[in-house]
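To start, the structure under review is shown below, and the notes come after it.
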Number of protein chains: 2
Amino acid sequence: MIDAGKLMQQKARYGNMRNTKVVDLHSSKVACKECSLHQLCLPRSINGADLEKLDSIIERKKPLKRNENLFQVGGSFNSIYVVRSGSLKTYSPTVDGQEQVTGFHLPGELLGLDAIGKGKHPCAAKALETTSVCEVPFEHLEGLSQELPTLQHQLLRLMSKEIFDDQELMLLLGKKTAEARLSAFLLSISLRFKQRGFSSVEFYLSMSRNDIANYLGLAVETVSRMFTRFQEDGLIEAERKHIIIKDRENLQQIAGMNDCCSESSDDNSQLML
Amino acid sequence: MIDAGKLMQQKARYGNMRNTKVVDLHSSKVACKECSLHQLCLPRSINGADLEKLDSIIERKKPLKRNENLFQVGGSFNSIYVVRSGSLKTYSPTVDGQEQVTGFHLPGELLGLDAIGKGKHPCAAKALETTSVCEVPFEHLEGLSQELPTLQHQLLRLMSKEIFDDQELMLLLGKKTAEARLSAFLLSISLRFKQRGFSSVEFYLSMSRNDIANYLGLAVETVSRMFTRFQEDGLIEAERKHIIIKDRENLQQIAGMNDCCSESSDDNSQLML
DNA sequence: AATCATAATTGATAAATGTCAATATTATAC
DNA sequence: GTATAATATTGACATTTATCAATTATGATT
């Protein structure tokens, strides 16, 4: 409809509604304490000196282009990554040559935690758009955690949260209908945008319908039909990747969620570094 | 068929085949270093003195009876638990009053890692049979990890493994047919028994068909039919909970697994404490 | 701007699995 | 041991979602 697609996307991604926050995440030299993800990202209790230590071990890589891989399946595990801007998907190959999308990662979220156990990445990570990340060498992080109890605690918390989230997704995949899955997905994205200071009502999805379907364990056609139905029912407006949540309450009803994706959700400082 | 059901169960559980190992896990006073799970459980690199420290923070609780809860949903998180003998299921309530089984836990496996993040248990744990566990107060464990880098590392590895395993299950739930799910489930149990020194060919399932179905995101009837079909096809013999794997290769084929549940699987020291 | 490739939508049909109902088996309690 | 409840199996049928095929829309390249 509106033609200035790219502009709109940028605006949406960086907040074109209330809660707007001006950020410059693409600059790759920002120190932790100046990073706009700071407040989400750092345990409050880490003080100035410790913060600098943390800062010193982090490497900022040059931005990835769309479809570039951050790491490949089987690649040796050396670092954890934090998304600074943009977004990525993680996916693993399946026996029959397909791929299984295992997650989407927005600014402030971590990648690589599943690789610690075996020392190799069980999944690959690919940028869905221009994306920049912080690289945190794991050995250094472990060493620093040894010195800083708060950091160790935060690290354990984050991994625990990941386990918890995965279990929610298992529930979704195991027990929910197609419409409940898509509804829960949209609400989850909405909440995560909100937590980053962007609009939870209107946003752009960076992933394709295919990726969404794959992630939710559905056929693309089913996802497409559900998008159509949700619009007919006045739950959302969707024009391609541009989504507006019109009736959050009903979406929650359909998703059959306890409350985990409600706007007024809990503490959620799910990020670090 | 054979009437001495309980005896058989005991024999199977504690190993009635080659690989037999004599264990006495029900005794609740065994020190870590004398525990038969020791080799599976401890990082090799923890030495005698450290081992005693570890030992000193562990509490051994009196055994749970079948259907007793180890913890409840929403209960405050204080400890991680390690199964010493028996088995448990973890499950969470869903909105519609159902329950969702999120995992089964055999000797040497951990419970409670998903609660660290929020400080409350997101799921409940119930004994499937007479079961004893070690309780590891989390604060102490964190403190000790601060002193012992190896322990911290092991802890992170374990949590990472849990994340990895959950992702495998997500794949199962999202992309696999009913027969692939059941097949993968049986192979997983088989492998875990093997890792504990029990037979991977013949074993008793401690969970009901209902629990299995719930866990795999299927209807009980479907699971039952699959059991029947697997027997018709000569893949397994199943008399109620007594299972014999007859044709592992075909099961693996059906499960469509890369190799993660093959008998000759990797390092896997997935346990601790 | 035109062309090509990719992604998304829509419809028709088929397959897989869930639901309901009946029966059989096993476990539990008295 | 017998009665009762819980669990498991089997069959008939309904529903959901996948698959296949065709069409439309979008984005990228020249």
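Lettering of chains follows the sequences in order, A, B, ..., and the numbering in each one begins at 1.
Distance Asn214(B) CG to dT17(C) P: 17 Å, rounded to the nearest Å. Residue Leu173(A) contributes atom CG, which lies 15 Å from atom C1' of dT17(D) at whole-angstrom precision. What separates CZ of Phe230(B) from C1' of dT9(D) is a distance of 16 Å, to the nearest Å. Atom CD of Glu239(A) and atom P of dG27(D) are 10 Å apart (whole Å). Met226(B) places its CE atom 13 Å from the P atom of dT9(D), with the value rounded to the nearest Å. Atom NE2 in His242(A) sits roughly 14 Å away from atom P in dT26(D) (whole-Å rounding). Rounded to an integer number of Å, the gap from Glu129(B) CD to dT28(C) P is 13 Å. The separation between Leu128(B) atom CG and dT7(D) atom C1' is 15 Å, rounded to whole Å.
Contact annotation: the side chain of Gln100(A) approaches that of Lys175(B) to within less than 4.5 Å [non-hydrogen atoms, C-beta and beyond]. Looking only at side-chain heavy atoms (C-beta outward), Asp166(A) and Met170(B) come within less than 4.5 Å of each other. Contact check for Phe185(A) versus Phe104(A): side-chain heavy atoms found under the 4.5 Å cut-off. The side-chain heavy atoms of Leu235(B) and Ile254(B), taken from C-beta on, include a pair separated by under 4.5 Å.
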What pairs of nitrogen or oxygen atoms, one from the protein and one from nucleotides 14-16 of chain C, lie under 3.5 Å apart?
none

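Over its full length, the helix from dA1(C)-dT30(D) to dC30(C)-dG1(D) turns its helical axis through 60°, comparing axes from the five pairs at each end and rounding to 10°.
A salt bridge is defined here as a Lys NZ or Arg NE, NH1 or NH2 lying under 4.0 Å from an Asp or Glu carboxylate O, and Arg84(A) with Glu135(A) fails to meet this definition. With respect to the salt-bridge test (charged N to carboxylate O, under 4.0 angstrom), the residues Lys126(A) and Glu99(A) do not qualify.
A donor and an acceptor atom, one from each side chain of Ser190(B) and Arg248(B), are located under 3.5 Å apart. Side-chain atoms of His242(B) and Glu237(B) include no donor-acceptor pair closer than 3.5 Å. His105(A) and Thr90(A) share a side-chain donor-acceptor pair at under 3.5 Å.
Nearest heavy atoms, Leu182(B) versus Val223(B): CD2-O, 4.1 Å.
Between Tyr91(A) and Tyr215(A), the distance separating the two ring centers is not shorter than 6.0 angstrom.
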Scan nucleotides 7-12 of chain C nucleotide by nucleotide, 5' to 3', and note B when protein non-hydrogen atoms come under 4.0 Å of the base, S if they reach only the sugar-phosphate, - if neither.
-> -SBBBB
